[in-house]
Amino acid sequence: MSIPVKLEAFEGPLDLLLHLIDKNKVNIHDIPIVEITEQYMEYIRGMETKDLDIMSEFLVMAATLIKIKSQMLLPKDETKEEEEEDPRKELVERLLEYKMFKYISLELKDRELDAGKVLYKKPTIPEEISEYEEEVDTASLLQGLTLAKLHRIFESVIKRQTDKIDPIRSKFGRIEKEEVTLSDKIEAIQQFGLLHKTFSFRKLLMAQCGKMEVIVTFLGVLELMKIGQVIVNQDSLFDDITITFVGDEIKDMEEDLILI
Amino acid sequence: MESKNIEAAIEAILFTMGEAIELERIAAAVGQDIETTRKVINRMMEQYDLPSRGIKIIELEGAYQLCTKIEMYETLIRIAHIPKKHFLSDVLLETLSIIAYKQPITKIEIEAIRGVKSDHAVNKLIEYNLACEVGRMDAPGRPILFGTTEEFLRSFGIQSLEDLPVINPEKVEDFKLEVEEELQLKLDI
């Protein structure tokens, strides 16, 4: 027996179960578990969804049904004095609750239809009125305040602020993203060198903005000296340093730098 | 203030504010105690009920707001092009009714009743300002508790949460009887 309904029609396993119960015209309190489980399983097999989340919800319900089915198939323990609880009870309660909310939501829908026909007016208070704030009377606010008292308050605020700082953690500071990388800078110097061959170290530094860039540029020059792409010269002490680019290509330093 | 003047003042307040105003604020504004103000408003509500009036005062959880009467809708859409209202899908209505009746409620509890994941539905209801966070449950993970908003009351013409359609216990019995009868019919054949 196939069920000619698409998955989309059901909101979830409870919805499908309710549908099957209605379809089979059975009492919710007396679900013929065997038949319903079979139909339910058949339906799941026919499901085309690949969505694991949805599928698993339906499978959990199937497992519940099979569990109930097997419990009902087991012979009753005659020796037990108290009556065994119907394994369907919990499921029935869930189904009834679900059915009830489905019913309530229909009631709400009717109300929404009516309420939708009631119109409201937006507030029409001019901005200067709604945003008006009474001026603060500083004289009365500062009444009885002396300079000494103000100073005490200031001190205590500052102290609270210092107390708040964790002496160990605060030293870690913030980890900031490095804005200029050494390899980028080296490449820039190489580009410059290819164009100009000889250039002033001072001018190179002057072209940099920020302390960090100057430092990285300096490191870059050192690095290029090390691999022999530039030769530096200084005529006398404190004189400008001349950089001569002797390489003839841009060497990719990225990997080397990582190794350093 | 003379009683007629109080009415006039309240009318002006409700008209200008265009939102639900708490009884306390109205009372403070007109310089009357809360009980007197409530009486005046109730009397005004009766007067607005006359068929010769097109507006009325509604109460929303102890706050008051002016709005048009339902009967005026047909006339109003002729003069103003009211955008078509998008009514809530069954899924959203179902979720909203669970929140309305069980609030404050967590998403897990909603899902337990519906038997399906409900993130999407809950988020949509929050987006439509029909549901909102009302706090956190004192349990592991401190899950968010959801409840309904004033907009919910307005959208469904409900005065207060106590005024929600009652879940009739007889209706539950009806559900049971219905299916039983069907079963009976089937057996008779």
Side-chain angles (χ1 to χ4, degrees), chain A residues 8-18 21-32 51 53-54 56-58 60-61 64 91-126 129-130, chain B residues 14-20 55-56 58 65-74 76-77 80 82 85 87-88 90-98 100-102 111-118 153-158 164-165 167-168 171-172 174-180 182-183 185-186:
Chain A
E8 289 74 46
F10 297 109
E11 244 310 293
L14 284 172
D15 215 13
L16 169 59
L17 207 51
L18 273 184
I21 290 167
D22 277 351
K23 206 176 115 66
N24 287 281
K25 299 211 186 303
V26 290
N27 186 330
I28 224 169
H29 285 281
D30 194 23
I31 307 168
D51 190 327
D53 271 348
I54 295 177
S56 59
E57 280 162 1
F58 280 86
V60 167
M61 180 53 75
T64 313
L91 183 64
V92 165
E93 272 164 16
R94 279 186 69 192
L95 275 171
L96 269 180
E97 186 170 34
Y98 182 69
K99 200 176 163 118
M100 196 125 69
F101 277 111
K102 283 196 89 141
Y103 158 74
I104 294 167
S105 70
L106 289 179
E107 294 248 312
L108 280 182
K109 196 179 197 165
D110 286 346
R111 284 189 172 240
E112 191 195 12
L113 270 171
D114 272 351
K117 293 182 178 168
V118 173
L119 302 179
Y120 296 86
K121 184 177 97 27
K122 289 236 168 63
T124 40
I125 310 167
I129 295 177
S130 68
Chain B
L14 294 180
F15 170 77
T16 319
M17 296 304 278
E19 58 190 8
I55 49 174
K56 61 174 180 176
I58 53 156
Q65 183 166 10
L66 270 185
C67 64
T68 63
K69 285 184 177 170
I70 292 181
E71 301 83 55
M72 295 302 112
Y73 187 72
E74 293 305 321
L76 287 169
I77 48 172
I82 293 159
K85 224 187 143 203
F87 289 103
L88 297 177
D90 290 350
V91 176
L92 290 187
L93 271 172
E94 215 177 279
T95 314
L96 186 59
S97 54
I98 294 173
Y101 282 87
K102 294 249 167 181
E111 286 169 358
I113 295 173
R114 294 189 58 227
V116 266
K117 279 242 173 287
S118 303
L153 297 177
R154 243 193 311 268
S155 304
F156 289 86
I158 296 166
L164 278 170
I167 309 176
N168 195 344
K171 193 74 201 170
V172 188
D174 283 354
F175 283 151
K176 293 178 197 169
L177 283 177
E178 254 171 55
V179 270
E180 265 165 28
E182 279 167 356
L183 191 69
L185 283 175
K186 212 172 146 198

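So that the names make sense, note that chain A is the first sequence line, chain B the second, and so on, each numbered from 1. Every heavy atom of this structure was used, including side-chain atoms; hydrogens, water molecules and symmetry mates were not.
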Do other residues, nucleotides or ligands put more than 12 heavy atoms under 6.0 Å from the OH atom of A:Tyr120?
yes
How long is the gap from CE on A:Met100 to CD1 on B:Ile113, to the nearest 0.5 Å?
9.5 Å
Sort B:Ile98 into side chain, backbone, both or neither according to what part of it lies under 4.5 angstrom from a heavy atom of chain A.
both
Side chain / backbone / both / neither for A:Lys109 at chain B, heavy atoms under 4.5 Å
both
Can you measure from CG (A:Leu108) to CD1 (B:Ile158) and round to the nearest 0.5 angstrom?
5.5 Å
With rounding to the nearest 0.5 Å, note down the distance linking OG in A:Ser105 to CG in B:Leu96.
9.5 Å
A:Lys102, A:Glu97, A:Glu112: which one forms the most heavy-atom pairs within less than 4.5 Å of chain B?
A:Glu112
Nearest 0.5 Å, what's the CG-CD1 distance between B:Leu93 and A:Ile104?
11.5 Å
Please look at A:Leu113 and chain B and tell me whether the side chain, the backbone, both or neither of the residue comes under 4.5 angstrom of a heavy atom of that chain.
both
Interchain contact, B:Glu71 with chain A, by part (heavy-atom threshold 4.5 Å)
neither
Using a cut-off of under 4.5 Å for heavy-atom pairs, which of A:Lys122, A:Arg94, A:Arg111 has the most such pairs with chain B?
A:Arg111
For the candidates B:Gly157, B:Ala100, B:Cys67, which exhibits the highest count of non-hydrogen atom pairs separated by less than 4.5 Å from chain A?
B:Cys67
Any donor-acceptor pair under 3.5 Å from B:Thr68 side chain to A:Leu119 backbone
yes
What part of A:Glu107 gets within 4.5 angstrom of chain B, counting heavy atoms only: side chain, backbone, both, or neither?
side chain
Using non-hydrogen atoms and a 4.5 Å limit, figure out which bit of B:Ser155 sits close to chain A: side chain, backbone, both or neither.
backbone
Quick check on B:Leu88 against chain A: is it the side chain, the backbone, both or neither that has a heavy atom closer than 4.5 Å?
both
So what's closer than 4.5 Å to chain A heavy atoms on B:Ala112: side chain, backbone, both or neither?
backbone
Give a yes or no on this: more than 12 heavy atoms of other residues, nucleotides or ligands lie within 6.0 Å of atom NZ of A:Lys121.
yes
Side chain from CB out, backbone as N, CA, C, O: work out which of these in B:Lys69 comes under 4.5 Å of a heavy atom of chain A, or both, or neither.
backbone
Heavy atoms only, distances under 4.5 angstrom: which of B:Arg154, B:Lys56, B:Glu19 has the most pairs with chain A? Name it, please.
B:Arg154
Would you please say whether a donor-acceptor pair under 3.5 Å links the side chains of A:Tyr98 and B:Glu94?
yes
